Amino acid sequence: MTATTASPLPSTGEFMGHPKGLYVCFLTEMWERFAFYGMKALLFLYLTKHHLFSDTDGYLLLGTYAGLAYALPLLGGLLADKYLGMRKAVVYGGMLLVLGQLGMAYTGHAASGTQGAGAQDAFAVQVMYFSLALIGVGVGFLKPNISTIVGRLYPANDPRRDSGFTIFYMGINVGAFLSSLIVAWIGEKIGWGYGFALAGIMMALGLVQFLWGRKHLLGHAEPADPALLQVPVLAGLSRERVIYLGGLLLTVVVWQVLQTRINFGPLSALFGGHEVTLTEVVAVLLGAGLYIWFIRLLFSGISAAEKGRMVMLMTLITVSALFWGLYEQTYGPWVAMADRVMDRTTFGIEWTAGQTTAIGALFVIALSPVFAWIWPRLDKVGLNPSYPAKFAWGLVFCGLAFGVLSFAAANAGDDATVSLWWMILAYFVLVLGEMVLSPVGLAAVTSLSIPRAVGMMMGAWFLFSAFGEIIAGRMGTWAEIAPEASRSEALAVYGNVFTNMMWIGLVAGALLFLATPLLKRLVKD
């Protein structure tokens with residue numbers, strides 16, 4: 001069967017009613033997310049406990065690294081569409097991921113002294129930065145293209161497509177759940193390097209099974225013009241090799257970007273007196289460029305109805321950055337709170353701080369079928385909320401989740417610890433917000449955007465997810481705890497910070513509710 005076949009796939013190419021290639025992609029994405037989220041669950045703890053980064057530096061690196069990892073898929077998707085094809089891009093990205101995760105396994109010797117002012121192993125720290133760069137660029141090549149392959153496995157208008165993506169989406173959350181439980185435990189209990197190494201090994205296995213199962217992709221992931229890849233373009237090197245070398249050069253650039261700070265004087269003062277990271281500067285420039293493109297699009301001759309839909313969509317995309325900025329505190333201050341002031345024992349089992357990040361993935365797995373069932377039924381009775389209303393509810397739930405932890409911090413036990421059950425409740429409320437915003441956002445991009453701008457607006461959606469990660473890193477610095485602080489003092493900081501974040505979510509949600517009627521009028525024909 002060729003890539004241009006439009007008829008349904010033969011039964012010999014299927015398993016449980018879906019193309020076998022779906023399960024190849026499912027396992028690849030599952031192990032990639034296993035590696036990514038396992039490392040992310042450990043990163044803040046590793047930075048502050050092993051290398052003795054200050055809380056502020058740890059939160060900023062967590063945000064800038066994740067932000068770059070979510071921004072680079074724009075480039076990886078573009079190169080795959082135009083030149084490499086999805087299969088080659090996934091393989092290349094997977095190789096960079098394996099190298100990066102295994103590089104993280106080299107931890108050197110632990111820093112000595114006090115947190116924020118320790119004597120670090122400089123070589124090990126640079127290895128870590130370069131490994132994070134490898135992972136970020138690897139995600140950029142792999143993540144957008146593995147999803148594209150899934151879509152191409154189904155003929156146009158195939159009714160199985162939605163359920164296929166649901167199965168694929170479950171792979172993301174299964175990987176996130178398992179890694180938070182396993183990688184986090186090994187990293188905290190046995191050794192940081194062992195946790196990172198396990199993430200790298202599982203990513204390697206995922207890459208091997210992708211290579212082994214590539215025949216089940218049925219040619220849908222091949223380059224659009226294979227001959228174009230072999231054309232010499234630089235010093236006798238083929239275009240394909242230049243792209244691969246360019247990826248390595250980009251890794252070197254990211255390696256430096258991750259650790260570069262800039263002092264803008266008064267501007268830096270707006271960020272709490274800290275220097276602005278180069279990643280934040282790049283994000284501001286990208287955002288400005290996107291808005292300039294968007295304004296030009298509005299005056300490019302599109303109809304009033306099209307303008308209305310695009311304005312609504314850009315408003316929602318912009319709002320999503322704030323949601324993710326709050327949501328991603330789960331890998332920063334939430335983990336720190338779990339580590340420092342939480343009784344993590346339930347049913348006689350003690351969780352590690354990093355393992356608490358598994359709670360969110362577990363609720364996503366449990367609630368996804370519920371919300372998939374709810375929306376069509378609400379629509380039948382005319383009660384399905386509009387896109388802006390759903391986003392507003394997402395912000396409100398997000399704010400309420402922080403309210404749960406703020407209340408917990410203010411009502412700690414006599415030993416100045418908080419029960420893990422408060423965090424479980426907070427995650428439940430937070431994931432309710434995720435369910436009404438994240439999947440809905442992707443649907444909004446495809447339904448509201450004008451046809452010629454769908455790709456750009458989908459890129460904007462992921463770019464603002466990257467902005468959200470960067471915002472999360474900056475907001476996380478509010479929760480810095482002095483190394484000598486007592487549990488009671490730490491609880492006071494967390495309570496104050498989470499209260500502020502609660503109000504940010506609630507007020508932003510309320511403002512969006514107020515703006516909903518206006519936004520709805522924009523999309524009326």
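The figures that follow rest on heavy atoms only: side chains count, while hydrogens, waters and symmetry mates do not. Model, not experiment: these values are computed from the prediction.
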May I have all residue pairs that pass salt bridge (Lys or Arg N to Asp or Glu O under 4.0 Å) and include part of residues 56-71, sequence neighbours excluded?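 For residues 56-71: D57-R261.
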Salt bridge (Lys or Arg N to Asp or Glu O under 4.0 Å) partners of residues 316-341, not counting sequence neighbours, each pair once: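 Checked against salt bridge (Lys or Arg N to Asp or Glu O under 4.0 Å) - neighbours excluded - the pairs reaching residues 316-341 are K40-E328, K49-D339, D55-R340.
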Taking the ring of F464 and the ring of W324, is the distance between their centroids below 6.0 Å?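 No, the ring centres sit 6.0 Å or more apart.
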Would a line drawn from the ring center of Y59 to the ring center of F44 be shorter than 6.0 Å?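 Between F44 and Y59, which both carry aromatic rings, the centre distance is below 6.0 Å.
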Once ring-ring contact (aromatic ring centres under 6.0 Å, His included) is applied, do any residues pair with [X], and if so which ones, sequence neighbours excluded?
X: F34; answer: W31
X: W293; answer: none
X: W422; answer: F407

Identify the residue among V418, T356, V404 that makes a side chain to side chain contact (heavy atoms under 4.5 Å, CB included) with M423.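 Considering V418, T356, V404, a side chain to side chain contact (heavy atoms under 4.5 Å, CB included) with M423 is found only for T356.
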Tell me, please, whether F299 has K307 positioned over its six-membered ring: NZ or CZ under 6.0 Å from the ring centre and within 45 degrees of its axis?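 The answer is yes, since K307 meets both limits relative to F299.
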Measure across A184 and Q355 and return the closest heavy-atom pair with its distance rounded to 0.1 Å.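 That would be CB-N, 3.6 Å.
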For a quick check under 3.5 Å, do Y291 and T318 share a side-chain donor-acceptor pair by atom type?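 Yes, because at least one side-chain N or O of Y291 sits under 3.5 Å from a partner of the opposite role on T318.
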Donor-acceptor check, side chain of [X] to backbone of [Y], threshold 3.5 angstrom: yes or no?
X: S438; Y: M435; answer: no
X: Q329; Y: A472; answer: yes
X: S180; Y: F177; answer: no
X: T330; Y: Y327; answer: yes

What pairs with V257 under side chain to side chain contact (heavy atoms under 4.5 Å, CB included), at least two apart in sequence or on another chain?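 Side chain to side chain contact (heavy atoms under 4.5 Å, CB included) check on V257 returns L68, V253, L278, T279.
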How would you list, by chain and number, every residue that makes a side chain to side chain contact (heavy atoms under 4.5 Å, CB included) with M30, sequence neighbours excluded?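 Partners of M30 by the side chain to side chain contact (heavy atoms under 4.5 Å, CB included) criterion, ordered by chain and then number, come out as F26, L27, V174.
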Classify the ring geometry of F498 against F402: parallel below 30°, tilted from 30° to 60°, perpendicular beyond 60°.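 Geometry flag for F402 against F498: tilted rings.
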In this structure, are over 12 heavy atoms from other groups packed under 6.0 Å from R296 atom CZ?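 Count not over threshold, so no.
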Excluding sequence neighbours, so at least two apart, what forms salt bridge (charged side-chain N to carboxylate O under 4.0 Å, His left out) with E434?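 Expected list: none.
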Output the distance between atom CG (L178) and atom CG (N173), rounded to the nearest 0.5 Å.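 It comes to 11.0 Å.
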How far does CG of L405 sit from CG of L491, to the nearest 0.5 angstrom?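 Atom-to-atom, L405:CG and L491:CG are 11.0 Å apart.
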ring-ring contact (aromatic ring centres under 6.0 Å, His included) pairs, two or more places apart, involving residues 351-379: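 Sorted pair list: F363-F428, F371-W375.
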Going by the rule side chain to side chain donor-acceptor pair (under 3.5 Å), which residues pair with S303 if we only count those two or more places apart in sequence or in a different chain?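 For S303 the side chain to side chain donor-acceptor pair (under 3.5 Å) partners, ignoring immediate neighbours, are E306.
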Could I get the full list of side chain to side chain donor-acceptor pair (under 3.5 Å) partners for T260, not counting sequence neighbours?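 For T260, no residue satisfies side chain to side chain donor-acceptor pair (under 3.5 Å) once neighbours in sequence are set aside.
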Pairs flagged by side-chain hydrogen bond (donor to acceptor under 3.5 Å, both in side chains) wherever residues 497-507 is involved - sequence neighbours left out: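 Output for this query lists S406-T499.
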